Trainee: 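Here it is, the structure, as structure tokens.
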Amino acid sequence: MNTSLIELPIATADGNFLARYSEKGLAGLDFPKNGRASSRPVATKQIPLQTLRWHRTATEALKAILAGREPKALPPLDWAGTTEFQQAVWRTMLAIPLGKTKSYGEVAKAIGNPKAVRAVGGACGANPVPVLVPCHRILAANKKIGGFSGGLDWKRDLLTREGIVCE
DNA sequence: CTCCGCCTACCAA
DNA sequence: TTGGTAGGCGGAG
């Protein structure tokens with residue numbers, strides 16, 4: 001069983017993101033690292049054509065969102081190893097259009113488990129593909145910013161780019 | 001089973 | 001308003 005992931009950088013005006021692909025699709029996305037450690041180089045020729053296609057799609061999607069535009073398409077996402085609950089939360093987030101938000105409570109209600117509010121927060125924090133799976137569009141009750149594992153600065157920044165104003 | 005967390009509603013100042 | 005807190009739930013160990 002091949003579980004090795006291919007890591008490819010996505011250069012943006014905001015830094016170098018790092019995308020990870022499995023044979024099933026995009027499995028992870030990291031915000032630019034603080035250190036200037038460039039990712040390990042990968043010879044283009046040994047990367048499956050399919051992966052390159054996904055990478056092109058992911059790159060366009062990421063740049064679109066960073067520019068405040070709804071992405072045309074997303075690459076397939078590989079959520080292997082994650083739970084049904086988490087996937088339900090992430091699917092709900094994917095349904096939130098750019099520029100709109102939902103509270104943790106609303107998401108909990110949406111997945112049919114209104115009391116699992118805090119658990120929803122946990123799923124957001126476990127989101128392996130931030131930005132593309134818009135966990136930043138989930139705010140706390142009363143439009144408070146809430147938390148963000150990728151750093152609150154990023155959350156505020158992303159929301160601002162989408163024209164969202166919160167508390 | 002225990003502990004913790006991107007939450008909330010509620011209650012006391 | 002602000003601050004502290006108990007309740008509830010999924011995930012990790």
Side-chain angles (χ1 to χ4, degrees), chain A residues 1-5 7 9-10 12-35 39 58-59 61-71 74-167:
Chain A
M1 32 203 86
N2 169 30
T3 53
S4 71
L5 301 177
E7 301 187 322
I10 298 181
T12 73
D14 299 284
N16 253 48
F17 283 73
L18 184 62
R20 286 189 296 282
Y21 300 89
S22 68
E23 55 290 338
K24 292 182 180 174
L26 178 62
L29 180 66
D30 290 344
F31 282 102
K33 308 186 189 76
N34 285 326
S39 61
T59 298
L62 177 60
K63 289 184 175 177
I65 294 180
L66 290 177
R69 289 182 293 99
E70 189 78 67
L74 294 182
L77 303 173
D78 180 4
W79 284 336
T82 63
T83 69
E84 270 307 313
F85 179 83
Q86 296 174 320
Q87 291 173 32
V89 171
W90 301 334
R91 268 185 263 114
T92 300
M93 297 195 288
L94 283 172
I96 303 173
L98 187 148
K100 294 296 184 56
T101 67
K102 259 183 161 53
S103 70
Y104 295 94
E106 291 174 318
V107 173
K109 202 176 307 175
I111 61 177
N113 202 337
K115 282 178 281 187
V117 181
R118 224 171 162 188
V120 166
C124 287
N127 173 21
V129 189
V131 187
L132 298 189
V133 175
C135 45
H136 59 281
R137 290 177 198 149
I138 309 301
L139 303 181
N142 297 110
K143 295 288 184 280
K144 282 175 300 185
I145 186 75
F148 196 64
S149 55
L152 278 181
D153 289 335
W154 266 111
K155 186 166 183 177
R156 291 199 200 83
D157 199 352
L158 290 167
L159 290 172
T160 300
R161 297 182 195 208
E162 300 192 4
I164 297 167
V165 187
C166 56
E167 192 240 349

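Here is the naming used below: chain letters follow the sequence lines, and residue numbers restart at 1 for every chain. Please read all numbers here as calculations on a predicted model, not as lab measurements.
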Trainee: Can you tell me the distance, in whole Å, between the NZ atom of A:K143 and the P atom of B:dC7?
Mentor: 16 Å

Trainee: Is the phosphate of C:dG10, meaning OP1 or OP2, less than 4.0 Å from a side-chain N or O of A:N113?
Mentor: yes

Trainee: Can you check whether A:G147's main-chain N or O pairs, donor with acceptor, with A:K155's side chain at less than 3.5 Å?
Mentor: yes

Trainee: Please state whether the rings of A:F31 and A:F17 are parallel, tilted or perpendicular, taking 30° and 60° as the class boundaries.
Mentor: tilted

Trainee: Tell me the interatomic distance from A:E106, atom CD, to B:dC6, atom C1', rounded to whole angstroms.
Mentor: 15 Å

Trainee: Round to a whole Å and report the spacing from CG of A:N127 to C1' of C:dG11.
Mentor: 15 Å

Trainee: Under 3.5 Å, is there a donor-acceptor pair between the side chain of A:R161 and the main chain of A:G68?
Mentor: no

Trainee: Pick base, sugar-phosphate or nothing for A:F148, based on heavy-atom distances below 4.0 Å to the nucleic acid.
Mentor: base

Trainee: Going from CD on A:E162 to CG on A:L66, what distance comes out if it is rounded to the nearest 0.5 angstrom?
Mentor: 9.5 Å

Trainee: Is there a donor-acceptor contact under 3.5 Å from the side chain of A:D78 to the main chain of A:A80?
Mentor: yes

Trainee: Any protein N or O atoms within reach of nucleotides 2-7 of chain C? Criterion: under 3.5 Å, listing atom names and distances.
Mentor:
from  : atom 1 : to     : atom 2 : distance (Å)
C:dG7 : O6     : A:R118 : NH1    : 2.9

Trainee: From the options A:I96, A:V89, A:N127, select the one residue that forms a side-chain contact (heavy atoms from CB on, under 4.5 Å) with A:I138.
Mentor: A:I96

Trainee: Mind calculating the distance between CG (A:L159) and C1' (B:dC6) to the nearest angstrom?
Mentor: 12 Å

Trainee: Test your reading of the model: is there a side-chain donor-acceptor pair from A:W90 to the backbone of A:A123, 3.5 Å cut-off?
Mentor: yes

Trainee: Heavy atoms from C-beta onward define the side chain here; which of B:dC6, B:dT8, C:dG8 lies closest to that of A:K115?
Mentor: C:dG8

Trainee: Quick one: on DNA chain B, does A:A119 or A:K144 contact a more 5' nucleotide (nearest heavy atom)?
Mentor: A:A119

Trainee: Can you check the A:I111 CD1 to C:dG8 P distance for me, whole Å?
Mentor: 18 Å

Trainee: Do any of residues 86-105 of chain A sit with a heavy atom less than 4.0 Å from DNA chain B, and if so which?
Mentor: A:S103, A:Y104, A:G105

Trainee: Given atom CD of A:E84 and atom C1' of C:dG10, what is their separation to the nearest angstrom?
Mentor: 13 Å

